Amino acid sequence: MNPNRRTFLRQLASVSAALASASWLASIGYSQTTRSVARAVINRARIRADLDRHILGSFVEHLGRCVYGGVYDPGSKLADASGFRKDVIAEVKELGVPVIRYPGGNFISGYHWLDSVGPKKDRPTVLDRAWNSIETNQFGTNEFMDWCKLAGAEPLLGFNFGTEPAEMAAALVEYCNIEKGTKWSELRRQHGYEKPHNVKYWCMGNEMDGWWQIGHMTARDYGRKAADSARQIRVIDPNAKLIACGSSTPELPTYLEWDREVLEECYDVVDGISLHRYFGNTPPTSGNSSARFLAMNLDMERQIHEISAVCDYVQGLKKTQKQLWLSFDEWNVWYRARSGDAVDGQRTFAPHLLEEVYNLEDALLVGGFLNSLMRQSDRVKVACLAQLVNVIAPLVTNETGVLRQTTYYPYSWALKYARGQVLDLSVTSETYPIKPDGLQADLAWGGDVPFIDVTATSDQQNNQVCVFMLNRDLEAERELVLDWRDVTPSRVLACETLTGPDLKAINTFASPTKVAPRPLDTPKVGATMTFKLPARSYTVAQIAM
Ligand code: AHR
């Protein structure tokens, strides 16, 4: 590595130390106060970014019971004539998930898309080596397109960069997006799909920096393969949005350097770069402290800043006007069902893998993640809650129906209420200290975290503002004053909160609404409005001007 780059990377790494500092919080509109009442100044003219609803996407992988038993279950009395679970479609439709990534994840790196198209009786049953599971290929690209239409979602498809050459990625684009008259488009027509699927967004492989990934390769090799594929794909579909595979976690020693090297190879021909992250409340990540855990959306935000910095560095090197956007195409809480039998299908079909049970504190942090993604939506243009059903998911099925896990609620609020533009708020909040001692390197920063995390969207068309408020105080209710500057609200249209006495409370089929939203008393409308946010809560308010 050339010494200048070494220095650059060292400097970039020191961004992490700045996370806890006032300057970091200032960059997202926060300042500290010793007063217990927090304040958010709302100026509708101060806009951070247009909200791209693609940041509210989700993810369906051939993994465990996500596809088989979740999305597709022809043996179920709840399935339609195509074998799709009607109750799951109804939930996804009601949520209004705008975009869904498919078919992996780790699965994709050993998957042959050609095995899962055409007559179902001719499709091979294979061993998926990512999850040691049996894959029947009865659900594939075309079924996913049909399912997306029913669910009202746009597909975000991935390429197998592990065991397939660039040619097969190009072939998939041709199969999906060319109308007719070529080898692969005619094959699609033979398969009963006369019209092209017109898929816009594509992930160029999955976590290729990870030692666990089938076909794991060096950043240079990956970057060259991505560039080669992108050039071929642009001939087939010049409008394709191509997402290069970025670092899959800050825990890897190649973090940031992977992104730099990849982008040095393919910057000019891709549109975005991916990042992934899963968080947990464990001894090495939070010291089992819920207060530290609830600050982890700030770690997500730091990661966004770091990857953006690498993109901009390569932009500078290339002397180009083109700026890349980020695709945070896997994010969630995931730490319980993460080893042993929970990740090993033991050569069975639709095994119970990654069936994480979410509690109240997980839901509060998911609310925080959504606040962060909205706040960073000037740079993040795609993001996917991983995953949608049964596998680390807000929705869980059994033979009788669907359960909404705790994390369903903050996600459903963002989907329902976040519209228009993300506002640039000035927030003052009392803070609490967190300590780095004993935590793994990427989370070992100490500093002060605001009790109140707030973000807001403004829908000019309907003349409404939605405010999303996380109270990280585990003990006490906190007041948040909304201080309206260039408009005065006329009415609170909706206000709900998710809270409870027990951070570890969960929903089950026997007790499905143990953690569920309840209405929150709304303040009198006016130029200032004081919300009383319960301890341990995430709250949404929809306010008409
Ligand atoms: O979402 C579960 C897995 O996590 C995905 O398959 C992989 O991409 C990530 O490591």
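As the structure lists them, so they are numbered: ligands from 1, and atoms in each ligand from 1. In this text, all values refer to a predicted model and were calculated from it rather than measured experimentally.
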**Prompt:** What protein heavy atom sits nearest atom 4 (O) of ligand 1, and how far off is it?
**Reply:** E330 OE1, 3.2 Å
**Complete:** Atoms of ligand 1 under 4.0 Å from any heavy atom of I392, numbered from 1 in the order shown, are 1 (O)
**Prompt:** In a check of side chain to side chain contact (heavy atoms under 4.5 Å, CB included) between R536 and each of L364, L498, L470, which one passes?
**Reply:** L364
**Request:** List every atom of ligand 1 that sits less than 4.0 Å from any heavy atom of L354, numbering the atoms from 1 in the order shown and giving each element.
**Result:** 2 (C)
**Request:** Measure up the F159 and W202 rings against each other and bin them: parallel (under 30°), tilted (30 to 60°), perpendicular (over 60°).
**Result:** parallel
**Prompt:** For the residue pair Y72 and F139, does the interplanar ring angle fall in the parallel (under 30°), tilted (30 to 60°) or perpendicular (over 60°) class?
**Reply:** tilted
**Fill in**
Rounded to the nearest 0.5 angstrom, the CZ-OH distance for F279 and Y335 is 13.5 Å
**Asked** Between W331 and ligand 1, which residue portion shows a heavy-atom distance shorter than 4.0 Å: side chain, backbone, both, or neither?
**Response** neither
**Message:** In this structure, does ligand 1 have an atom that sits under 4.0 Å from one of the heavy atoms of N332?
**Reply:** no
**Prompt:** What residue and atom, counting heavy atoms only, is the protein's closest point to atom 6 (O) of ligand 1, and at what distance?
**Reply:** E61 OE1, 2.7 Å
**Message:** Just to check, does V391 reach to within less than 4.0 Å of ligand 1 when the distance is taken from its heavy atoms?
**Reply:** no
**Request:** Determine whether the aromatic ring centres of F468 and W413 lie less than 6.0 Å apart.
**Result:** no
**Ionic contact status for R302 with D442, cut-off 4.0 Å** = no
**Item:** Heavy-atom nearest neighbour in the protein, as seen from atom 10 (O) of ligand 1, with distance rounded to 0.1 Å
**Value:** E207 OE1, 2.7 Å
**Prompt:** Between Q387 and ligand 1, is there a nitrogen or oxygen pair with a distance under 3.5 Å?
**Reply:** yes
**Mode of F107 contact toward ligand 1 - side chain, backbone, both, neither (heavy atoms, under 4.0 Å)** = neither
**Complete:** Ranked by distance from atom 1 (O) of ligand 1, the top protein heavy atom is Y278 OH, 2.8 Å
**Request:** Could you list the residues that satisfy ring-ring contact (aromatic ring centres under 6.0 Å, His included) with Y408, not counting sequence neighbours?
**Result:** none
**Request:** Please assess Q232 against D228 for the test side-chain hydrogen bond (donor to acceptor under 3.5 Å, both in side chains), listing each intermediate value before the final yes or no.
**Result:** CA-CA 6 Å; Q232 295 187 48; D228 176 31; 3.3 Å; yes
**Message:** If you measure every N or O of N106 against every N or O of ligand 1, does any of those distances drop under 3.5 Å?
**Reply:** yes
